[in-house]
Amino acid sequence: MDAAVGPGSSSPFYANEEVRPGLRVAFTAASAGNLALHVGDEPEGVRDNRRRLERAMGITASSLRFMSQTHSDRIAVVGSGGVTAAPDADGMVSPRGADPLAVLVADCVPIVLADAGIAEGGTGATAVVHAGRAGVSNGVVANAVRVLQSQGATDLAAWIGPSVCGSCYEVPEAMMLGIARDIPAAASRTPSGTTALDLPAAVRRQLALSGVMAGEVHGAGSLCTLENPALFSHRREPGAGRIAGLVWRT
Ligand SMILES: [Zn+2]
C-alpha cells in the first residue's frame, strides 16, 4: 500500500500493486473522492480529485486518460501527445503502455489488461475495460483482447477490480436467463434465492475464452462494491461517485 497523499488524508487506493516489473495496477477507494464528471458533482472538485490521484500514482499531471463510457462495445486506441479528450468508448488501449489509463465504475466491472513489457519482449501494451450488464452481453472484453492482439500483444494478463458481486446483483429472472443462455457463468442467486447476475464471474469466463487469465487483486475489505462502504456503489447510493481502475508503467 502506498503512503497517505497529504495531511489528514488516507490512502486513495483500495489496492495498488506492482503486478509485473514496472507495471502497476490500482483501484481507488471512496477516499479518493468521486472521479467522474458525469454524476452531478462540481467539475472543479472532480478535477481536484483527479490531480490528487495523479500525484498519488506518481505520474505527470493531466496525463491520466479517461473515457466517455456509454456501455458500448467500442475500444479506443490512444497515443501519447495526441488528442487528450476522453474517447467515446468502453475500452481503451495504449499500444506501448505510455499513457496511464483509467476506467470508472460503481458496480460495473473494471478490467485492466497488460501485455508483457518491452524489456520482456512484449509490446508493453496496456488497456482498461468497463463491463456492466450491457458490456458482458455485447462482448466489449473480447473486443479489447482482439484490439490488443491486433497491435501485437501475445502475453496478456488481466486484473478484475471491485464490482457488485453475484450474491448482491438481483435482477428479474427473464433477464438472468437471457444473459445466462449465452454466458452460463453469469447465472447467480442472492442469499434469499432470487435470481441474480454474477458479472465478475462472467467477465472472468469471457477473458478465459479469449485466452487471458485474470489475476487476483488484494484490496482492503470486500471486493463487492455494494457490501464494502469504502467503495462507491450505484445500487447502494445512486450518484455518490465512481471509483477508478488504473494501469500505468513506471
Ligand atoms: Zn456483494
Side-chain angles (χ1 to χ4, degrees), residues 1 10-17 19 25-36 38-39 69 71 90 102-113 128-138 140-141 158-209 212-247:
M1 272 305 172
S10 59
S11 167
F13 299 112
Y14 168 81
N16 179 9
E17 293 175 25
V19 293
V25 171
F27 297 93
T28 66
S31 54
N34 170 40
L35 296 162
H38 66 278
V39 296
Q69 302 170 191
H71 300 277
D90 289 82
V103 53
L104 298 174
V105 295
D107 292 340
C108 292
V109 185
I111 303 119
V112 169
L113 291 143
V128 289
V129 184
H130 164 242
R133 178 162 52 81
V136 161
S137 297
N138 69 23
V140 68
V141 173
W159 293 267
I160 297 173
S163 70
V164 67
C165 81
S167 296
C168 290
Y169 188 19
E170 185 178 28
V171 297
E173 183 171 23
M175 182 183 286
M176 185 273 270
L177 292 174
I179 293 174
R181 197 164 39 234
D182 293 330
I183 311 150
S188 188
R189 296 267 171 188
T190 66
S192 62
T194 57
T195 48
L197 288 174
D198 191 333
L199 296 183
V203 166
R204 196 171 287 275
R205 178 70 185 142
Q206 290 178 318
L207 284 166
L209 288 170
V212 181
M213 288 300 125
E216 296 296 320
V217 175
H218 305 285
S222 172
L223 198 61
C224 175
T225 44
L226 196 141
E227 294 175 72
N228 188 342
L231 303 170
F232 287 129
S233 167
H234 182 72
R235 291 210 139 200
R236 174 163 38 81
E237 193 180 350
R242 297 287 183 275
I243 58 172
L246 305 163
V247 61

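All values below were derived from every heavy atom in this structure, side-chain atoms included, with hydrogens, water molecules and symmetry-related copies excluded. Just so you know, ligand 1 is whichever comes first in the structure, and atom 1 is the first atom listed for that ligand.
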Which protein N, O or S atoms sit under 2.8 Å from the Zn ion (ligand 1)? Cys165 SG, Cys168 SG, Cys224 SG, Glu227 OE2
Taking side chain to side chain contact (heavy atoms under 4.5 Å, CB included) as the test, write out the residues that go with Ala106, two or more places apart. Phe232, His234, Arg242
Check whether any side-chain heavy atom of His130 lies under 4.5 Å from a side-chain heavy atom of Leu104, and answer yes or no. no
Give, for atom CD1 of Ile183 and atom CG of Leu199, the distance between the pair rounded to the nearest 0.5 Å. 9.5 Å
Does the pair Thr194 and Glu170 meet the rule for a side-chain hydrogen bond (donor to acceptor under 3.5 Å, both in side chains), with working shown? CA-CA 7 Å; Thr194 57; Glu170 185 178 28; 2.8 Å; yes
For Cys108, does its backbone N or O pair with a side-chain atom of Ser163 as donor and acceptor, under 3.5 Å? no
Does the pair Arg235 and Cys168 meet the rule for a side-chain contact (heavy atoms from CB on, under 4.5 Å), with working shown? CA-CA 9 Å; Arg235 291 210 139 200; Cys168 290; over 6 Å; no
